[in-house]
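Quantities reported herein were computed from a predicted structural model and do not represent experimental measurements. Sequence lines set the chain letters: A, B, ... in the order given, protein chains first and strands last, and positions in each chain run from 1.
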There are 2 protein chains.
Amino acid sequence: MAESEDNTDSVTADDVAAAAGVSRWTVARAFKKDASISRQSRERVIAAAEALGYAPDLMASSLASDRSNLIALITNDFNNPHKLVLLERLTRILWSRGWGTLLVHMSDSEDASAALLAASQRRVDAAVVIGTRFDDKMLETALGARRLKKLVIFARYSQNPNTLAIACDDEIAMRQIADHLLERGYHRPVFLAGPDTQSAKLHRKSTFIEYWRDRTGTIVPSINTSAYDFGPAIERVTALLQDRDAASRPDVLVCENDIIAIGAMDAIRYRMGLRVPQDIAVTGFDDIPLSSSPAYQLTTYRQPITAMAERLLDVLEGKLTGDVALPGQFIARLTT
Amino acid sequence: MAESEDNTDSVTADDVAAAAGVSRWTVARAFKKDASISRQSRERVIAAAEALGYAPDLMASSLASDRSNLIALITNDFNNPHKLVLLERLTRILWSRGWGTLLVHMSDSEDASAALLAASQRRVDAAVVIGTRFDDKMLETALGARRLKKLVIFARYSQNPNTLAIACDDEIAMRQIADHLLERGYHRPVFLAGPDTQSAKLHRKSTFIEYWRDRTGTIVPSINTSAYDFGPAIERVTALLQDRDAASRPDVLVCENDIIAIGAMDAIRYRMGLRVPQDIAVTGFDDIPLSSSPAYQLTTYRQPITAMAERLLDVLEGKLTGDVALPGQFIARLTT
DNA sequence: CACCGACTTGCACGCGCGTGCAACAATAAT
DNA sequence: ATTATTGTTGCACGCGCGTGCAAGTCGGTG
């Protein structure tokens with residue numbers, strides 16, 4: 001144990017090299033995974049480093065190597081609790097594999113280039129867009145304005161060719177939900193989607209509508225909320241159900257995600273005074289923590305976040321270069 | 001407009017200098033706020049920079065200047081939706097003022113030093129701890145193991161002298177809640193707190209209990225959940241109310257925060273079949289988005305997050321060096 | 001016309017580490 | 001014992017920019 005606890009100034013590889021009696025480059029090798037270095041040298045260096053409290057400076061390392069080991073996590077939609085789950089899982093897995101995560105807020109297209117610019121100024125190795133409300137134009141602009149090494153779209157599809165999407169397989173998911181509803185005898189669904197952006201690439205709505213038509217021959221009507229939040233969902237569903245009797249009402253609301261489904265349930269219960277699922281059933285998507293609470297018990301579909309994060313690692317390490325859609329898990333609770 | 005759109009390799013200050021016919025240092029000055037540079041030089045440089053698509057490399061800048069303009073946001077408790085609100089507000093305000101935010105997960109004390117180490121390896125200018133479950137020992141260890149320039153505790157108190165806390169003023173808040181309850185005629189409260197860590201420095205519980213004793217002469221019992229999450233709160237409250245008749249029940253549950261309050265409400269309603277507030281009233285703390293939903297309509301207290309974030313900026317800019325406690329806003333809804 | 005202050009610009013050096021190659025030591029093959 | 005092979009180590013140079021100082025410019029005054 002070294003007594004130099006007064007090292008307010010940081011200790012560099014040179015200090016460790018001097019202490020261990022080797023060159024600075026040998027010190028660097030000791031900290032590099034597959035470096036060509038003898039075991040005893042490495043041990044001596046590590047011991048010296050520990051005594052001095054040395055840890056490689058990642059910032060200097062980045063500058064020299066042109067790899068920052070930093071990932072920008074770009075998000076806009078902070079109202080959806082599911083984002084918290086995604087952020088948590090991603091940061092934990094990325095850090096555990098040596099990647100740092102830079103959190104970036106990007107509220108609208110105006111911000112977009114600023115956010116990407118800021119990220120690139122930090123030399124991030126990749127930017128991961130987590131959010132449903134980025135349209136492709138925005139991404140294109142962002143990509144054109146500032147070169148990023150990689151742009152990954154997480155938990156959402158994208159048709160931009162310069163982009164790589166890692167998402168839950170919405171088609172499998174929505175078919176499973178549809179099968180479940182058909183099995184339970186529902187026959188008049190309405191699809192409740194989020195904002196109708198130019199190119200929202202969640203295939204949930206179209207898949208559900210097409211599959212339902214194939215199986216029943218009927219066309220499912222759909223409506224949109226103005227935001228991925230429960231407030232607008234409440235308003236929209238209230239407007240939908242207002243002045244309709246039991247015969248003309250939908251018997252199930254298929255929602256694009258859980259937070260909207262929860263708004264729908266609140267509207268059904270507290271605005272209309274109806275029951276879920278007896279009067280109207282509801283399904284969601286994401287399986288946010290609240291969905292399992294006794295108040296909601298929402299039937300939903302869980303995205304395979306961990307598996308998706310693993311694929312993200314593959315992308316970052318260059319082992320994967322194509323889009324990915326992974327199956328998740330259907331979760332039947334009490335709202336259907 | 002330059003036609004060099006093929007600049008896969010990044011454009012540096014030297015390139016801009018050449019294009020503008022000045023030296024590299026003049027380019028740097030053009031991008032520095034209060035630098036000594038003539039207006040025409042600056043304009044020429046900015047024009048050249050724009051044409052070339054140049055933006056200063058923050059990583060290299062950090063290395064040279066020993067200021068990274070990076071803040072580590074350290075969190076452990078991702079179950080509480082309030083964290084999302086805090087993260088969103090902080091990142092937005094920090095980025096708008098030129099600070100980048102590094103998101104770090106720190107689940108237990110084992111992680112603590114690893115997280116702080118990782119942060120220091122990135123040369124963060126400060127680490128901001130956002131979370132209620134970090135005990136002071138953990139912080140002390142972390143501080144000792146790796147020197148950080150600044151350690152700020154956000155939305156929580158701390159008595160560690162090497163630390164700076166920015167929080168909502170719990171004393172004012174809890175007195176206001178108590179006054180409200182007394183005014184409404186409640187007289188048998190129970191305080192529902194989170195996990196009883198060694199040194200949880202939320203003064204909410206002690207303040208409430210002391211103030212209630214001062215005003216009524218009675219001692220408020222308190223119970224703990226095993227985590228800041230609604231699931232454990234449901235279990236704990238169910239256990240509390242089980243086998244008690246209306247006379248021996250509390251008439252109000254004062255909860256340390258909203259997510260626990262929501263669990264309490266779920267237990268009261270769905271486990272016990274009782275009504276809020278007719279049978280038992282509930283109060284929370286934080287005013288998370290869900291608290292305003294028709295399903296809960298929770299009476300709570302909103303933390304002054306924006307003001308707290310502004311103070312954080314003061315701290316980062318060295319204008320503030322002492323602890324801060326700011327008053328928030330009491331919000332009466334329908335659960336009392 | 002010389003001179004002084006205020007403003008503006010250029011530059012040597014360093015931040016801490018990576019890369020690629022050359023030199024060297026330790027072992028195996030002939 | 002000599003050479004080929006593998007393993008290990010040292011080093012010059014550069015990553016892109018900031019700091020502090022010295023040199024340069026300009027306009028105005030006596």
- Interatomic distance where NZ belongs to Lys33(A) and P belongs to dG18(C) [whole Å]: 16 Å

- Item | Test: Asp66(A) and Arg123(A) ion pair at under 4.0 Å | yes

- Task: Indicate, yes or no, whether a donor-acceptor pair under 3.5 Å links the base of dT19(C) to the side chain of Trp25(A).
- Result: yes

- Compare side-chain N and O positions of Ser23(A) against OP1 and OP2 of dC11(D) and report whether any pair is under 4.0 Å apart. no

- Task: Would you mind reading off the distance between Asp34(B) atom CG and dC7(C) atom P, rounded to a whole angstrom?
- Result: 14 Å

- Query: So what does Ser36(A) touch, heavy atoms closer than 4.0 Å: a base, only the sugar-phosphate, or nothing?
  - Reply: base

- Message: Please pick, from dT8(D), dC17(D), dC17(C), the nucleotide with the shortest atom-to-atom distance to any side-chain atom of Tyr54(B).
- Response: dC17(D)

- Roughly, in whole Å, what's the span from CG in Asp57(B) to C1' in dG16(D)? 6 Å

- Message: From the set dG10(C), dC17(C), dT9(C), return the single nucleotide nearest to any side-chain atom of Val22(B).
- Response: dG10(C)

- For Gln40(A) and dT9(D), give me the distance from atom CD to atom C1', rounded to whole Å. 12 Å

- Message: Between C1' on dG18(D) and NZ on Lys32(B), what's the gap in Å once rounded to a whole number?
- Response: 7 Å

- Message: So for Arg24(B) and dG18(D), does any side-chain atom that can act as donor or acceptor lie under 3.5 Å from a complementary atom in the base?
- Response: yes

- Message: Please confirm whether the shortest side-chain N or O distance from Thr26(A) to OP1 or OP2 of dT8(D) is below 4.0 Å.
- Response: no

- Query: What is the distance, rounded to the nearest whole Å, between atom CE of Met59(A) and atom P of dC17(D)?
  - Reply: 14 Å

- Would you say dG18(C) has OP1 or OP2 under 4.0 Å from some side-chain N or O of Ser61(A)? yes

- If you find the nucleotide of DNA chain C closest to Ala64(B) and the one closest to Ser41(B), which residue's nucleotide is nearer the 5' end? Ser41(B)

- Message: If I take atom CG in residue Asp14(B) and atom C1' in nucleotide dC15(D), what distance separates them, rounded to the nearest angstrom?
- Response: 12 Å

- Check whether any side-chain heavy atom of Asp125(B) sits under 4.5 Å from a side-chain heavy atom of Leu316(B), and report yes or no. no

- With no angle test and no hydrogens, is the base of dG10(C) tied to the side chain of Arg29(B) by a donor-acceptor pair under 3.5 Å? yes

- Message: For a quick check of understanding: with a heavy-atom distance under 4.0 Å over all strands, which category does Ile37(B) fall into, base, sugar-phosphate or nothing?
- Response: sugar-phosphate

- Query: Can you tell which of dC15(D), dC17(D), dT19(C) lies closest to the side chain of Ala60(B)?
  - Reply: dC17(D)

- Return the value, rounded to whole Å, for the distance between atom CZ of Arg67(B) and atom P of dG14(C). 23 Å

- Query: Closer than 4.0 Å, any side-chain N/O of Ser10(B) to the OP1 or OP2 of dG16(D)?
  - Reply: yes

- Quick one: are Arg122(A) and Leu102(A) in side-chain contact, heavy atoms under 4.5 Å? yes

- Query: Would Arg67(A) and Ser62(A) count as having a side-chain donor-acceptor pair, cut-off 3.5 Å?
  - Reply: no

- Would you mind checking if Glu88(B) and Lys83(A) are paired as a salt bridge, meaning a charged N to carboxylate O distance below 4.0 Å? no

- For the side chain of Thr101(A) and the backbone of Thr91(A), is there at least one donor-acceptor N/O pair under 3.5 Å apart? no

- Message: Categorize Arg39(A) for me: base, sugar-phosphate, or nothing, with a 4.0 angstrom heavy-atom threshold over every strand shown.
- Response: nothing

- Task: Looking at every strand, decide which applies to Arg42(A) at a 4.0 Å heavy-atom threshold: base, sugar-phosphate, or nothing.
- Result: nothing

